[in-house]
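Inspection log for the structure reproduced underneath, given as structure tokens.
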Amino acid sequence: MRYVALACIASTLTLANLDAASPAEVRGKAGMVASRSGLASEVGADVLRNGGNAIDAAVATGFALAVTYPSAGNIGGGGFMVIRLADGSVVTNDHRERAPGAAGHDMFLDDDGDVVDGLSTHSHLAVGVPGTVAGLLDVHERHGKLSRAQVMDPAIALAREGFLLDDDLVGQFRRHLPRLERYAASRAVFTKADGSPFAAGERFVQPDLAATLERVREAGHDGFYRGKTAELLAAEMQRGGGLITLEDLAAYQSVWREPIRGTYRGHEIVSMPPPSSGGVLLVQMLNMLEPHDLGGFGYGSAAVMHRMIEAERRAYADRAHHLGDTDFYPTPVATLIDKDYAAGRFANFDPTRASRSDDIGSGDVPNESPDTTHVSVMDAAGNAVAYTTTLNLSYGAKIVVPGAGFLLNNEMDDFAIKPNTPNAYGLLGDEANAIAPGKRMLSSMTPTIVLRDGEPLLVTGSPGGSTIITTVLQVVMNVVDHGMDLSDAVGKPRFHHQWKPDRVIVEPFGFSPDTIAALEAMGHQHIDAIRWGRGIGDANSVMRRDGELLGVSDPRGAGRAVGF
Ligand code: DON
């Protein structure tokens with residue numbers, strides 16, 4: 001079955017304490033980093049202590065995650081960074097993977113036009129041209145203060161000298177071993193020398209990855225996209241029937257893009273534009289919800305959940321039809337984030353009844369020219385960074401590049417590989433997100449900064465495939481509508497709807513049976529407590545309050561916030 005029911009989210013999560021108290025807030029004055037890996041957060045905080053800014057810290061944390069959190073931290077994948085600079089400007093860096101030059105519209109279909117099972121997720125064809133190294137280097141070069149060595153050395157040391165594995169990572173390795181073991185280089189990294197699984201407390205050393213990172217430290221972009229690293233990657237592609245060539249690698253560039261901007265109850269929302277759908281959908285949903293007194297109804301009430309579900313249904317329907325890489329397809333971004341458009345889209349909202357996804361098409365818009373992981377950082381100067389990065393599914397394609405020591409993504413599955421055929425997250429798509437050479441596949445990653453009075457208030461984002469956008473929506477609403485402090489805003493139970501399949505998923509034990517019954521009475525027929533995992537999202541977030549920086553790692557993951 002192609003639709004893996006968000007399995008990657010489940011597999012990246014370890015703590016089952018959704019019913020426990022909200023996570024503790026870490027407090028600081030000068031700098032704060034929240035990520036899925038405590039070791040990586042410490043790297044980021046050390047960089048801040050050593051005079052780096054939030055951009056240096058985010059880049060250093062990003063490289064460290066490639067070593068300490070290999071299921072999603074990466075140099076073989078891609079990501080998006082939203083940066084608010086101390087001077088008040090906001091920029092975004094898109095280092096999403098691209099389809100190789102030889103990719104074709106129907107490359108994952110057989111002669112009968114049917115999808116070939118697994119080809120877009122677990123094969124060499126599943127791999128998009130990686131963007132992470134280009135993005136991290138470009139961001140650092142343009143906005144960092146420290147040298148390249150200062151932001152890369154900690155990651156290199158963690159790879160070369162190793163670090164002690166904890167239960168979380170050992171459990172992940174074991175769960176993914178059956179697929180990783182198919183590739184000798186992957187087996188060599190993720191098992192001990194004798195082929196047996198690692199145990200907690202053992203040292204995890206990655207010499208090939210260290211050498212690759214050293215080449216990047218010495219030669220910058222060329223250390224990855226040309227020379228030995230590129231040759232190793234291209235050779236593995238040839239060996240395994242993949243498409244990425246030396247030319248594809250040499251041609252890769254990250255792109256600086258204008259952020260998506262919206263407003264919500266006196267706050268400014270800045271988030272990621274296409275090729276992510278995240279910023280557009282977040283702002284669109286907030287626009288639909290703004291006229292409603294959600295704070296008055298109260299967190300977790302059926303009235304609020306009904307309104308959110310209906311906004312989600314309409315926004316995800318638009319995603320399926322309208323959104324794709326704007327460099328290739330005329331995506332109507334300005335219309336989709338317009339408040340009047342949202343009002344029109346919500347005009348048929350019935351406060352007493354659920355609508356049916358089959359009756360909700362995508363909105364009419366006039367033609368217009370044209371195991372993921374999240375890091376949040378703030379520094380004392382007012383720089384703030386929201387950074388989400390991914391290989392797509394946990395451990396990506398499960399293919400380690402022999403001799404180079406890093407995992408390759410399986411991001412090609414984020415394209416609409418066949419019209420109206422669900423991807424791994426059950427998301428549908430059409431021509432806007434069809435495969436074309438050099439095109440970037442549509443993403444749901446939603447690195448987001450919320451500003452109040454022009455100053456950063458909240459930095460957030462999450463993994464979770466299609467549930468990323470609704471996770472960010474809920475964190476933002478918890479702060480803005482419900483007045484929660486950060487630990488509650490991140491810790492409180494979540495739910496999700498994505499138009500199709502037409503069902504609401506809720507976290508187990510998250511919402512009262514009375515609320516669920518009220519939603520069912522309105523006609524929300526399929527309300528499934530997710531059984532395949534322990535939670536939706538992993539929103540490591542940072543907030544500024546009364547001159548203090550607060551950091552929270554989501555209780556659904558095993559991350560840590562570090563501040564001082
Ligand atoms: O870009 C996207 O939307 C997906 N490739 C994200 C994958 C993801 O969040 C996996 N983690 N749970």
Side-chain angles (χ1 to χ4, degrees), residues 3-14 36 65 69-74 76-81 94-99 120-121 126-128 130-132 135 172 175-176 271-282 316 319-320 323-325 371-375 387-398 407-417 422-429 433 439-448 461-472 494 496 498 505 530 532-540 554 556-559:
Y3 176 30
V4 297
L6 314 170
C8 100
I9 309 161
S11 63
T12 61
L13 301 173
T14 51
R36 177 59 173 76
L65 282 166
Y69 191 61
S71 63
N74 67 82
F80 300 122
M81 203 179 275
D94 159 11
H95 44 274
R96 182 69 161 166
E97 299 91 328
R98 299 174 71 191
S120 65
T121 51
V127 185
T132 297
Q172 281 201 24
R175 278 196 298 281
H176 291 282
S271 191
M272 196 64 211
S276 181
S277 62
V280 171
L281 262 70
L282 176 66
Y316 278 81
R319 182 192 195 279
L323 288 180
D325 182 348
D371 184 297
T372 307
T373 193
H374 179 79
V375 183
Y387 179 44
T388 315
T389 185
T390 191
L391 293 165
N392 193 20
L393 301 181
S394 276
Y395 298 87
K398 319 290 189 283
L407 279 160
L408 292 168
N409 68 83
N410 56 358
E411 220 75 60
M412 291 294 282
D413 188 65
D414 274 350
F415 279 117
I417 61 174
N423 76 355
Y425 305 98
L427 290 167
L428 303 177
N433 189 31
K439 188 173 175 182
R440 286 160 152 88
M441 55 297 281
L442 187 62
S443 173
S444 300
M445 290 189 284
T446 315
T448 296
S462 179
S466 55
T467 68
I468 293 172
I469 315 170
T470 55
T471 294
V472 172
R494 300 192 184 118
H496 170 78
Q498 61 181 51
I505 53 171
I530 40 175
W532 32 262
R534 294 171 180 131
I536 297 174
D538 182 17
N540 305 306
D554 197 317
R556 298 160 182 83

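Counting starts at 1 for both ligands and their atoms, in listed order. Any value given below was found using the heavy atoms of this structure, including those in side chains, with hydrogens, waters and symmetry copies removed.
- Contacts of Glu411 classified as side chain to side chain donor-acceptor pair (under 3.5 Å), with partners at least two apart in sequence or in another chain: Arg96.
- Side-chain contact, Asn392 with Tyr425: a donor N or O sits under 3.5 Å from an acceptor N or O.
- Checked against a 6.0 Å centroid threshold, the rings of Tyr316 and His496 count as neighbours.
- Of all atoms in ligand 1, listed by their number and element, those nearer than 4.0 Å to a heavy atom of Thr372 are 6 (C), 7 (C), 8 (C), 9 (O), 10 (C), 11 (N).
- For Arg96, every heavy-atom contact with ligand 1 shorter than 4.0 Å involves the side chain, none the backbone.
- Listed by number with element, the atoms of ligand 1 under 4.0 Å from a non-hydrogen atom of Gly464 are 8 (C), 9 (O), 11 (N), 12 (N).
- Using a 3.5 Å distance cut-off with no hydrogens or angles, the side chains of Thr388 and His374 do pair a donor with an acceptor.
- Polar contact check, Leu442 against ligand 1: no nitrogen or oxygen pair lies under 3.5 Å apart.
- Counting heavy atoms under 4.0 Å from ligand 1, residue Thr390 touches it through the side chain alone.
- Neither the backbone nor the side chain of Met441 comes within contact range of ligand 1; no heavy atom lies under 4.0 Å.
- Under 3.5 Å, the side chains of Arg319 and Ser444 contain a donor-acceptor pair of N or O atoms.
- Near Tyr425, meaning under 4.0 Å from one of its heavy atoms, ligand 1 places the atoms 7 (C), 8 (C), 10 (C).
- Listed by chain and residue number, Arg257, Arg440 satisfy the side chain to side chain donor-acceptor pair (under 3.5 Å) test with Asp94 (two or more places apart in sequence, or in another chain).
- In this structure, a donor-acceptor pair under 3.5 Å is absent between the side chains of Asp413 and Thr121.
- Annotation for ligand 1: atoms under 4.0 Å from non-hydrogen atoms of Ser444 are 1 (O), 2 (C), 3 (O).
- Below 4.0 Å from some heavy atom of Ile468 lie the following atoms of ligand 1, by number and element: 9 (O).
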